Structures are given as C-alpha cells and as structure tokens.
Amino acid sequence: MTRIADTFAQLRARGEVGLIPFITAGDPDIETTFALVHEMARQGADIIELGVPFSDPMADGPTLQRAAERALQHGTSLAHVFELVRRVRRSLTIPILLFGYYNPIWRYGGERFAADARQAGVDGVLCVDLPPEEAEELKRETDRHDLDMIFLLAPTSSLDRAQRVLTRARGFIYYVAVTGVTGVRTTLPADLSDMVRRIRAISPVPVGVGFGISSSEHVAQVAGMADAAIVGSAISQVIEQSLGQPDLVARVGALVAELKTALRSIAAATRNHTGTASSSRS
Amino acid sequence: MPKLPDKHGHFGLYGGRYVAETLMPALLELEEVYRQCRTDSTFKRDLRALQREYIGRPTPLTFAARLTERLGGAKVYLKREDLCHTGAHKINNTIGQALLAKRMGKERLIAETGAGQHGVATATVAALFGFSCEVFMGREDTVRQAPNVFRMRLLGATLREVGSGSQTLKDAMNEALRDWIAHVAHTFYVIGTVAGPHPYPMLVRDFQSVIGRETKKQIVQREGRLPDYLIACVGGGSNAMGLFAPFLSATAVHMVAVEAGGIGAGRNAASMSNGYAGVLHGSKTYVLQDETGQIAATHSLAPGLDYPGVGPELSYWSDQQRLRCVTVQDAQAVEGMRLLAETEGIIPALESAHAVAHAATLVPQLPATAIVVINVSGRGDKDLQSVASFLDENAL
Ligand SMILES: Cc1ncc(COP(=O)(O)O)c(C=O)c1O
C-alpha cells in the first residue's frame, strides 16, 4: 500500500475527512516552502500537494498564475523540487503529491522523473493536462516506481467516462468542484454533493474535492460528501498577502489549523449522529 | 502515405489531447460532430456556398511577372489569400468552425489572436451567424495591430486584453483556454491555426486545404504541371498546411516552411528550427523552451508568427523531411514586403512577407523552367504602422 492509500485508510478508521493543502514549490522561495510544509503538517494537513511551477498554467486562475511566476522568477525547477522533498523526508513522513503540467516532466524524461521522484520520497503525481488518454507512457513509469498517478474528473465528465477513468485510478480521484480554473470562490455549485456522491458510489478509491474550496464553510460542506478537501488558491492568497512579512509561515499555519478544525468538528458531529465512523464508504 | 491523424489524434509522436479533464468531453463531442459533417452533403454545400459568395473564393493564382524578372530564376506565382474577405486566409477556417458551432447549438464564440487577423475573421463570422464573440489578444499585440482591434470592435466583438506573461499570442491562447474551461457548455472555441488539442489540427487543416486544392487546379491549368516549390510562412502553420496538404503525396513538389527568425539567436519564434519536442496548448509538438521545460519568450516583428509552438502535423512532416524549415529575420521580412510592393503592387502582411523574403533567396538559384508558388496569406494594411516604426528605429 502506498503512503497515500495508507493515509486515507487511517482517516477512514478515525472517521475523519482529509485536508490536502496546496502550495507552489518555490513561492516565494524554496526555504519558505520547506518551512511551510513542516508548518502545514504540524497544523493538521494529511497530504501535501506541492505545485511544480509552469510558465503557462492553462487550468489556473490569476492567484496560482502569480504563485508560479514568483517561483519561476528564481528558476524553481523539478530538480529543485526533488531536492526539497529529499530534505523534507529527513523529518516528515506525510504523503507528498506533485501537482503540475506535463511539459516540465516530459522534458525531464518520464522514466527519469518517476525514478527520481520515488527516490526523493514523492508519493504521487497529478498532471492537470495529462488526461488518461495521453497518460499511458508516464503511468507505466509511475506504476513501475510505485507512485500514485492521480487522475481528475470534472463536472463535465459523463458517468460513462468517469467509470473508464476510475478503472485506472490509484491513490484517490481528484474531483474538480467547479467548471472553471483554480481560484477562490464565494460559493460552491449547488449540485456539487450530488455529483460527488455519484462518483463516490462507483469509485474504487477515495474521492478528494478541489478547485474553488476556499473557506472553513466550504471545507465543512466537502466533509459531508467526500474523503478529502483540497485547498489551493486560498492558501496562496495568504502567502501573497504576507510576502516579506516575518509571520508568513505562521499565517498559513493558522489557516490550515482553522480548516482542519472545521473538518474535525464535522467528523465528530457525524460520529455522534450515526455512532459509526463515516459509514458511506464500505 | 499514412492517413493522419490516427484515431487518437496523433501525427506519429505529435498531436494528441493534452488538456484539463473539464475539456475532454467537449473535444470528444467536437470530433464526433466534425466526423459527421465531413461527409454530410448539406454541411459541404453550405461551406462551399460561403466560400464562393462570402469569402470570394477561388482566390487567384497570380503570375508575378516583374518579381520573376527581378529575381532572375524560377517563375513565381502568388496564391492570393490576401484577397479573401477580411484580408487573410484565416476566414477559410472560421467559416468552417462557425458552421460547426451552429450545428452544436453554441451561442458564443471565443478566439485567440496575435496579428488580429484571426480575431477579425472570428468576429466577422460571429456577426454573419449571430453569435456573441469575445477575442483574447495580448496587450503588446493590441498596440502593434491597433487597426485590427478597431475592426473587431466595429464588428461587435468584445476585446479581452491579456496582460499576463509575454502579452502576446501564447498568452492570449492561455486565456482563451481558461475561458473555455469555465464556459465550455455554451461556448465554442474557434482556434485560429493547426495547433491545439485534437481535433483542431485536423479540422483547421481540412478547412484551409481549399488553398492547396485551388492552387493545384490553377497551376495545372496555367502550366500543365505541378509546381516545384511551395513556400509558406509558419506561425502555427495553418496557411502552410492549407497549401501543402493536397500536395503531400506528390513527392516531387518541395515544401518550404518559413519560420520567424526574429532578430537572431534567442530572440525568434522558429519552433521547428530551434525548438524541442514538448507539450503546449494541448498538443505535443516542437516548442521553444528552456532545459527545464518552461516555455520560452519569443520575438517576431510579425505578431502572427510570434508563437513558441507550431501545429503538430508540421512537426511530423518536418521530422519526415517532407518539408524543409528555414528562417527569415525581421529586417529581411520588411525587405520582402517592399519587394512585393514595388514589383507587383501587392503589400503583403508581415507574416506573408517572410515567405516572400525566402523566395527572394531561393528563386535566383533555380532554373528558369522551375515553378515556385508563394502563399500570400494576407495583406499588409494592419502592419503599416509597425513597419514605419521599424524603418524609423533602424534608420532604413
Ligand atoms: C496573414 C497571416 N499569415 C500567417 C499567419 C500565421 O498563422 P498560420 O501559420 O496559422 O498561417 C497569420 C496569423 O495571424 C496571419 O495573420
């Protein structure tokens, strides 16, 4: 079992829903990312999603575009990200998922990427612009090195298509909450929980929900329908607002703690109601 | 000759659909609709009627007598896409995609544009068919192609200035893709060249192939045989693929793809000449990028060529050595523009002027019996201001 699957099993056993915060590696610099990973883990993150910056992030809104720009200003590359993960692994076992676009991986070389990622201590990889149709070549390598390749499903995916994507899923499936790019939203789509339930009913792996999840309220909503909540732009916004401030890391930590508290209180409420740990997954 | 692309949209190593999951269902649906339309007699009849009565096709194949004399080599013919309605080949494609959008019941068209010619061509068909229309254009390009910005507005389109990244065509395409991801249900994305995810490279090529089919017929009528050389500029590659596609199996016909050499090493937009295989805007193809896979900044005086990628089919034929890639720099292109203006009374677009400039070096080396066709993909009115500034700055 991979570390990601293991984490979801433990969450389930505790009747909890996971929190997966996202930050862009190298935003604003690698040392801060190193500190942020530790702080987020300490404040209750269950899995860390590390963005590998790309110059042309076509599925990202302005907040994460700017985060990538800041990271690229001093040339953050895959090699730097691997080095960072290697250092983090001296002190942390929390699962780490790389999130990015295909070109930097392709240029690095799929086989070399998978080998180096595994060796550094990466647990999974998610490529936004690599749908299952094009992923076979890279997936052969990630499978060989026992990395979870995470696929996405979106509100536009038919149930039929979802079924086909799910047969290749490992680790968890990433459900894109909104028909749109990443970015902070004030509300989540009204039909989100129906959509997630439909996917979850046929999914052999846990379901994480991301894109637009921006607040404790959103996270609490997601807790009622999925196995994990993924929060990106809201965290990057705090980083952006705290640039140059001594308490940048602490402010991000406070947000992660707040989100985790929201998830835990929902889990506790559910347990008190049903008397069992989140029973819908069996 | 293999039938390309294959059923997954691949041209050998290149092409494919490298997009966010949100767009996959829309691409699969578009492919399905296009496959039906391709063999549908009503669709084909509507397309032919619009080509004839709206675009003004067939465009002439003009024998360039004084240019031929000036260059002192092969006979030179000009395929006159500058005479298409709106002044460039781009409308051959937008008419086709608008028919598809209508069939699919979409209400809104979006497009990216560099030179503004594709934006104008999209705004034009939106007006013709009654779609709403938004065009994404890099801020730098809105300045250097100001006349086209005004044309789009006059046609009722909304201009979306893109201030991110290098503020040129690549960034306009990023923004258009982001908009499409958010509005995919009722929006049709009209891609302006043979790039992007499958099925765009295939369908744009097919809609532009009318250029090559006409050329074939016209040159056989005039000369009784096929030409020896076809020359076209390459931004994304749609005017080139449109001219080349019907000649691919005629292996004696040489094809030359002219890329933007900009102002030299590190400051150009010649993806096939200087790039590496990579993934950009939905397909695998030659891409100008650094060693870590970040997309490079490009430069060309011609905004329609100022793009770090190229259509995947061109990458394929380049590897097969079925076409040859050459580069022409900014200053040479301006010379090419002057040459055609002075000898033939035709002011080509700066993009097309790259093809003319290459002809000026190739043609004198060929025998008088050889035949060369240059694709004059558009007219140069849009470029007058930027050429004037270029001449000023370089004291030419
Ligand atoms: C007149 C003209 N020619 C050529 C191009 C380059 O595009 P493509 O390579 O797709 O023909 C453009 C693009 O804007 C253009 O306006």
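The sequence lines fix the lettering, A, B, ..., with proteins before strands; numbering per chain opens at 1. Since we're looking at a predicted model, the values are computed, not measured.
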Quick one: pull up [atom1] in [X] and [atom2] in [Y] and give me the separation to the nearest 0.5 Å.
{"X": "A:Leu147", "Y": "A:Arg170", "atom1": "CG", "atom2": "CZ", "result": "7.5 Å"}
{"X": "A:Glu134", "Y": "A:Asp129", "atom1": "CD", "atom2": "CG", "result": "10.0 Å"}
{"X": "A:Thr142", "Y": "A:Glu111", "atom1": "OG1", "atom2": "CD", "result": "12.0 Å"}

Given heavy-atom pairs under 4.5 angstrom as the criterion, report whether the side chain, backbone, both or neither of [X] touches chain B.
{"X": "A:Pro53", "answer": "backbone"}
{"X": "A:Leu72", "answer": "side chain"}
{"X": "A:Tyr102", "answer": "side chain"}
{"X": "A:Leu78", "answer": "neither"}

query = Is the distance between the ring centroids of A:Phe211 and A:Phe22 less than 6.0 Å?
reply = no

query = Ring centres of B:Tyr316 and B:Phe11 under 6.0 Å apart?
reply = no

Could you tell me if [Y] and [X] have a donor-acceptor pair between their side chains, going purely by distance under 3.5 Å?
{"X": "B:Tyr200", "Y": "B:Asn93", "answer": "no"}
{"X": "A:Thr182", "Y": "A:Asp60", "answer": "yes"}
{"X": "B:Thr187", "Y": "B:Arg108", "answer": "yes"}
{"X": "B:Glu31", "Y": "B:His198", "answer": "yes"}

query = Who among A:Ala59, A:Ala135, A:Pro57, A:Pro155 has the most heavy-atom pairs with chain B under 4.5 Å?
reply = A:Pro57

request  = Against chain B, work out which of A:Asn103, A:Leu130, A:Val178 has the most heavy-atom pairs shorter than 4.5 Å and name it.
outcome  = A:Asn103

Do any N or O atoms from the side chain of [X] and from the backbone of [Y] form a donor-acceptor pair under 3.5 angstrom?
{"X": "B:Glu112", "Y": "B:Gly192", "result": "yes"}
{"X": "B:His118", "Y": "B:Val190", "result": "yes"}
{"X": "B:Ser238", "Y": "B:Val194", "result": "no"}
{"X": "A:Asp29", "Y": "A:Thr32", "result": "yes"}

Between the side chains of [Y] and [X], is the shortest nitrogen-to-carboxylate-oxygen separation below 4.0 Å, so that they form an ion pair?
{"X": "A:Arg200", "Y": "A:Asp227", "value": "yes"}
{"X": "A:Arg66", "Y": "A:Glu240", "value": "yes"}
{"X": "B:Arg35", "Y": "B:Glu32", "value": "no"}
{"X": "A:Glu83", "Y": "A:Arg87", "value": "no"}

Which region of [X], side chain (C-beta onward) or backbone (N, CA, C, O), has a non-hydrogen atom less than 4.5 Å from a non-hydrogen atom of chain A, or is it both or neither?
{"X": "B:Asp290", "result": "backbone"}
{"X": "B:His10", "result": "side chain"}
{"X": "B:Gln289", "result": "both"}

task = Would you mind telling me which of B:Phe188, B:Tyr189, B:Phe136 makes a ring-ring contact (aromatic ring centres under 6.0 Å, His included) with B:Trp180?
result = B:Tyr189

ask   = Is any residue of residues 115-123 of chain A within less than 4.5 Å of chain B by heavy atoms, and which ones?
value = none

ask   = Going by residue number, which parts of residues 156-166 of chain A are within reach of chain B, meaning a heavy-atom gap below 4.5 Å?
value = A:Thr156, A:Ser157, A:Arg161

query = Of the non-hydrogen atoms in B:Ile181 and A:Met58, which two are nearest, and what is the gap between them?
reply = CD1-O, 3.7 Å

key: residues 14-22 of chain B: residues contacting chain A (heavy atom under 4.5 Å, by number)   = B:Gly16, B:Arg17, B:Tyr18, B:Val19, B:Ala20, B:Glu21, B:Thr22

ask   = Residues of residues 294-315 of chain B under 4.5 Å from chain A (heavy atom pairs)?
value = B:Gln294, B:Ile295

Non-hydrogen side-chain atoms of B:His281 and B:Asn174 separated by less than 4.5 Å = yes

inquiry  = Tell me whether the count of non-hydrogen atoms from other residues, nucleotides or ligands lying under 6.0 Å of CD in B:Gln36 goes above 12.
reply    = yes

inquiry  = Out of B:Gly165, B:Ala26, B:Gly9, B:Ala277, return the one with the most heavy atom pairs under 4.5 angstrom to chain A.
reply    = B:Ala277

